[in-house]
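For reference, the structure discussed in these notes is given below.
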Amino acid sequence: MTAAYRPDEIEPRWQADWRDSGLYQIDNDDPRESRYVLSMYPYPSGPAHIGHVRNYTFGDLLVRFHTMNGRGVLSPIGYDSFGLPAENAAIKSGVHPREYTAARMEELSASLTRIGAVYDWRRIVSSHDPDYIRWSQWIFLRFHEAGLAYRDTAPVNWCPGCQTVLANEQVVDGRCERSDDPVERRDMTQWFYKITDYAQELLDNLDGLDWPDRVKTMQRNWIGRSEGAEFGLPIADDDGTARNDVEPLAVYTTRPDTSFGMTFAVMAPEHARVDELTTPDQAEAVAAFRAEVSTRSEIDRLSTEGASDKRGVFTGSHVVNPFTGTTIPLYLADYVLTTYGTGAIMAVPGQDQRDWDFATAHGLEIIRTVAPPEDFDGEAFTGDGPAINSASMTLDLNGMGVAEAKATAIEWLVQRELGDRKVNFRIRDWLLSRQRFWGCPIPMVYCETCGLRPVPDDQLPIVAPDDVEFRPTGESPLTYHQGFLNTTCPDCDGPAKRETDTMDTFVDSSWYFLRYCQDDRSVDVPFTLDAVRKFMPVDQYIGGVEHAVLHLLYARFFTMALSDLGHVPGDLREPFERLFTQGMVRLGGGKMSKSKGNLVAPEAIVAEHGADALRLAILQVKPPAEDVDFEDFQLDGCERFLKRVWRLAVPDSELLTGMRSGEPTDADRGIERARHVLIDRITGEFERWAYNTAVAGFMSYVNDLYKYVQSDDGPHGPTLAAAIDTLLELMAPTTPHIAAELWARRHDGAHVHERTWPVADPAMLVVDQITMVVQVNGKVRAKVEVAPDIDEAAAETAARAALADSGQLDAGTRKVIVRQPKLVNFVV
RNA sequence: GCCCGGAUGGCGGAAUUGGCAGACGCGGCGGACUCAAAAUCCGCUGGCCGCAAGGUCGUGUGGGUUCAAGUCCCACUCCGGGCACCA
């Protein structure tokens with residue numbers, strides 16, 4: 001009687017075994033070569049959803065694979081446990097975010113365990129843990145000392161739905177990436193991390209990272225480096241001459257070569273010098289325009305729709321084009337941003353479409369300074385070409401290409417001390433303060449006499465009190481808690497107030513991977529240099545592409561800054577050596593989301609098919625990098641396959657009767673060869689993340705074994721045993737429970753996950769026969785079995801022989817292509 | 001608009017370098033077992049023509065290179081993603 005395959009019975013048993021045995025715990029003095037395999041730590045939103053399961057299955061497979069390959073694998077887990085959902089739940093139902101979060105973490109931990117994922121649970125971190133808060137604050141203070149954390153008043157993104165400010169990275173198409181509310185502009189005093197200090201290195205290092213090109217491109221776009229020139233446009237007097245008593249208007253351009261075509265200049269509506277440079281007769285129009293712009297939402301303003309003439313207004317003032325000496329009008333327009341460059345531009349309608357549109361709408365002059373090609377029928381010409389109309393007494397660019405003209409123009413500016421070469425970045429500093437309760441408090445106090453003071457290290461962590469009222473007010477609930485708010489100044493002991501804003505949760509995720517390295521959590525630093533050196537950088541990071549310019553950029557910044565400050569080794573500049581971004585799981589073509597109520601619950605699948613079948617289905621359905629629709633999962637087929645494996649491998653199987661012994665036959669040798677081929681194939685496929693074809697490999701192999709077992713001669717005992725044992729070893733990372741159970745049953749309770757990964761014998765991979773295709777005019781007409789080392793002449797002879805009866809070569813051949821041993825093609 | 005991906009049977013997909021298109025799975029059809037069903041096992045399964053042997057067409061569209069193209073080149077269509085007043 002064959003024992004039944006009962007995943008519901010064996011899986012929880014093995015999950016407990018892995019957790020208790022410590023097989024996947026690693027100590028910092030472990031002598032094995034170390035590997036750091038990390039899946040992005042999850043926000044604890046309750047039981048795992050199918051997207052989580054996909055992510056953590058890939059990670060778990062790698063952990064188990066590397067472990068069997070003799071490496072000491074750091075496989076940690078933790079929770080990104082600060083954040084809005086817990087606080088919103090508190091507002092709605094009154095349950096404290098801490099309790100809410102603890103319950104959700106419990107659920108998520110249980111589901112991760114239930115799908116068979118293994119971790120060193122001793123190293124767990126959670127963002128909201130006071131111990132973790134302490135070190136988030138400690139790092140903030142180090143950054144503050146170094147000038148990398150600062151407070152500033154700036155126009156910021158306000159999300160009315162989340163009732164907090166957002167970082168630029170969290171605004172997508174003018175909307176909040178979380179709540180999708182349109183974002184408003186507000187001037188607020190906020191905390192920033194000075195990520196712009198690292199813009200150049202963040203850009204440069206991308207080249208050396210083994211990351212998807214897509215993600216690198218997104219980061220490059222986000223950082224947005226541009227090279228150009230910055231120079232001053234003198235303000236013109238009433239009679240058109242440059243005034244010496246007024247500071248020139250600074251502009252930034254990437255096209256100094258086109259300066260002779262500058263026919264007007266434009267300031268951003270929010271530019272600091274608008275009032276100064278507006279003439280009395282235009283004051284009313286300017287004020288009206290600015291008022292109108294300020295009420296427009298970001299989305300409207302970003303939109304290119306709408307009449308161009310409404311997008312700007314004349315200031316009444318003129319400036320001087322230093323290249324030509326001519327006087328040109330100065331406008332205000334909303335297409336110029338106050339936050340980029342100098343907030344003012346020289347407008348060259350001939351070479352810039354935005355300037356072209358504006359010039360056309362306002363009846364301004366257009367001068368081409370780059371000759372467009374003959375067939376050019378567009379408006380502004382932005383391509384390369386010889387300069388025209390670009391000469392003065394002191395500078396002649398005519399005839400030069402764009403690059404040469406640029407360099408020459410900049411040189412001219414520098415010589416006359418009018419301006420200089422300038423590199424600009426699109427990336428802004430990271431706005432990190434949030435007006436919310438459920439986040440890490442910013443450890444600063446405001447003293448009436450001493451001003452802004454950092455909280456001393458020995459007073460950390462600053463933890464939010466429990467007895468606060470949760471109301472969506474737009475200010476942190478901490479603002480209304482007198483006990484938290486009122487404190488004393490660390491320097492003068494006088495009355496002081498605490499900062500009530502908390503940190504963006506992306507701060508927490510910017511260093512958790514460093515904390516995981518630290519085994520002894522009692523030391524007085526968040527991580528020791530030795531601990532970090534032992535495991536960092538992360539060898540394989542796995543997560544969603546949605547973090548391409550959020551988490552992945554911030555974490556890189558943190559690593560560089562901590563490196564410069566000496567808290568991690570100086571040569572550790574990049575945290576994640578290899579990155580894999582897995583695709584999303586969708587349902588019925590749409591995005592799966594809680595709000596749509598179409599989440600697939602892995603619990604139900606595990607209950608019906610078992611965790612191994614679910615893991616196998618995840619791996620089988622699609623290449624890991626691609627998005628997948630849950631409807632395409634083939635759970636029945638995967639479960640059926642596991643049952644086939646079970647019946648083949650379980651010791652008391654009815655399938656296995658009448659085992660042959662003695663000398664192996666050709667059929668036996670064929671199976672033995674297939675075993676080695678499988679080892680070779682699966683090892684390669686695992687290394688290149690070809691899990692879907694690896695599953696196909698397992699299935700094919702098992703099909704072969706079934707034929708072998710049911711063949712007339714019957715299976716050869718030792719051959720079959722080896723064939724099955726190898727299969728179980730190779731399947732251990734993908735379907736760990738069934739592999740463990742069958743191995744234990746076959747080997748007296750031994751553990752398959754403690755086995756060494758099998759190695760293929762190269763001699764067994766050499767085939768003695770290969771199918772050679774014989775073509776006539778590129779069409780397959782015959783196939784011949786030949787030796788792999790057949791020579792050219794013999795191959796042609798064999799091919800001719802194969803076609804001899806068909807008469808297809810009777811007319812003679814014009815050409816013969818021989819690619820032994822795979823193919824011979826006759827051209828007739 | 002610009003920059004990346006992608007398009008292969010009824011479906012998900014496979015095809016390291018240009019060399020047998022459709023591995024593997026799902027679904028479908030047929031058979032075995034069974035009183036029957038489920039489960040299981042075996043076989044067939046791209047279209048068209050043909051009793052068959054076999055032939056013929058076939059990897060989004062149109063061209064091209066080559067003895068040979070899913071794969072390389074040119075042009076285009078559609079789908080997905082990113083960027084998009086950043087001067």
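None of these values were measured; they are calculated from a predicted model. Numbers restart at 1 for each chain; the letters A, B, ... are given by sequence-line order, proteins then strands.
The ring-ring contact (aromatic ring centres under 6.0 Å, His included) search around A/Phe698 returns none, not counting sequence neighbours. Applying the side chain to side chain donor-acceptor pair (under 3.5 Å) test to A/Arg214 and every residue at least two apart in sequence or in another chain returns nothing. Partners of A/Asp429 according to the side-chain contact (heavy atoms from CB on, under 4.5 Å) rule, which considers only residues two or more places apart in sequence or in another chain, are A/Tyr150, A/Phe192, A/Lys194, A/Ile195, A/Thr196. Annotation: side chain to side chain donor-acceptor pair (under 3.5 Å) contacts of A/Thr771 (sequence neighbours excluded): A/Glu785.
Under the 4.5 Å side-chain criterion, counting only non-hydrogen atoms from C-beta, A/Asp257 is in contact with A/Arg255.
For A/Arg586 and B/rG81, the CZ to P distance is 6 Å, given to the nearest whole Å. Rounded to an integer number of Å, the gap from CG of A/Asp213 to P of B/rG6 is 11 Å. Between the P atom of B/rG12 and the CD atom of A/Glu631 lies a distance of 11 Å, rounded to the nearest Å. Atom CG in A/Asp704 sits roughly 11 Å away from atom P in B/rC42 (whole-Å rounding). Nucleotide B/rC2 holds its C1' atom 16 Å from the CE atom of A/Met218, rounded to whole Å.
Residue A/Tyr706 is the one, among A/Tyr252 and A/Tyr706, whose nearest nucleotide of RNA chain B lies closer to the 5' end (criterion: closest heavy atom).
Atom C1' of B/rG19 sits at a distance of 10 Å from the matching atom of B/rA69, rounded to the whole Å. Between B/rC76 and B/rC4, the distance separating the two P atoms is 14 Å to the nearest Å. With both ends at atom C1', the span from B/rA21 to B/rA7 equals 16 Å, rounded to whole Å. Look at the C1' atom in both B/rA38 and B/rC33: the space between them is 12 Å, to the nearest Å. Rounded to whole Å, the P atom of B/rU45 lies 11 Å from the corresponding atom of B/rG22.
Note on A/Tyr335: every side-chain N or O is 4.0 Å or more away from OP1 and OP2 of B/rA87.
For the segment residues 422-430 of chain A, residues with any heavy atom less than 4.0 angstrom from an atom of RNA chain B are, sorted by number, A/Arg426, A/Arg428.
Heavy atoms of A/Arg255 sit under 4.0 angstrom from primed sugar atoms or phosphate atoms, though from no base atom. No engagement by A/Phe633 is indicated, since no non-hydrogen atom pair under 4.0 Å with the nucleic acid exists. A/Thr339 comes within contact range of no nucleotide atom at all, as no heavy-atom separation falls under 4.0 Å.
For residues 684-698 of chain A, the salt bridge (Lys or Arg N to Asp or Glu O under 4.0 Å) pairs, not counting sequence neighbours, are A/Arg681-A/Glu685. Annotation: salt bridge (Lys or Arg N to Asp or Glu O under 4.0 Å) contacts involving residues 638-649 of chain A, sequence neighbours excluded, comprise A/Glu639-A/Lys643.
When base pairs are accepted only as Watson-Crick or G-U wobble with both N-N or N-O distances under 3.5 Å, RNA chain B takes part in stems of 3 or more pairs at B:1-7 with B:77-83, B:10-12 with B:24-26, B:27-32 with B:40-45, B:46-49 with B:54-57, B:60-64 with B:72-76.
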Tabulate protein N/O versus nucleotide N/O from nucleotides 63-65 of chain B, keeping only pairs under 3.5 Å, one per line.
none

Set out, line by line, the N/O atom pairs under 3.5 Å between protein and nucleotides 44-48 of chain B.
none

Distances under 3.5 Å between nitrogen or oxygen atoms of protein and nucleotides 72-74 of chain B:
none

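Aromatic rings from A/Phe323 and A/Phe231 are positioned such that their centres are separated by under 6.0 Å.
By the 30° and 60° cut-offs, the orientation of the rings of A/Phe580 relative to A/Trp689 is parallel. Relative ring orientation between A/Phe358 and A/His362 is described as parallel, the plane-to-plane angle staying below 30° on a 0-90° scale split at 30° and 60°.
For A/Asp352, counting side-chain heavy atoms from C-beta on, the closest listed nucleotide (B/rC11, B/rA87, B/rC57) is B/rA87. The side chain of A/Val336 lies closest to B/rA87 when the candidates are B/rG43, B/rA87, B/rU56.
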In B/S/- notation (B base, S sugar-phosphate only, - none; protein heavy atoms under 4.0 Å), nucleotides 18-26 of chain B written 5' to 3' is -BB--BSBS
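Base orientation of B/rG12: anti, the glycosidic angle falling outside 90° of 0.
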task = Apply side-chain hydrogen bond (donor to acceptor under 3.5 Å, both in side chains) to the pair A/Tyr252 and A/Ser226, showing each step before the final yes or no.
result = CA-CA 11 Å; A/Tyr252 170 73; A/Ser226 79; 2.6 Å; yes
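No donor-acceptor contact under 3.5 angstrom links the side chains of A/Asp357 and A/Tyr335, judged on distance only.
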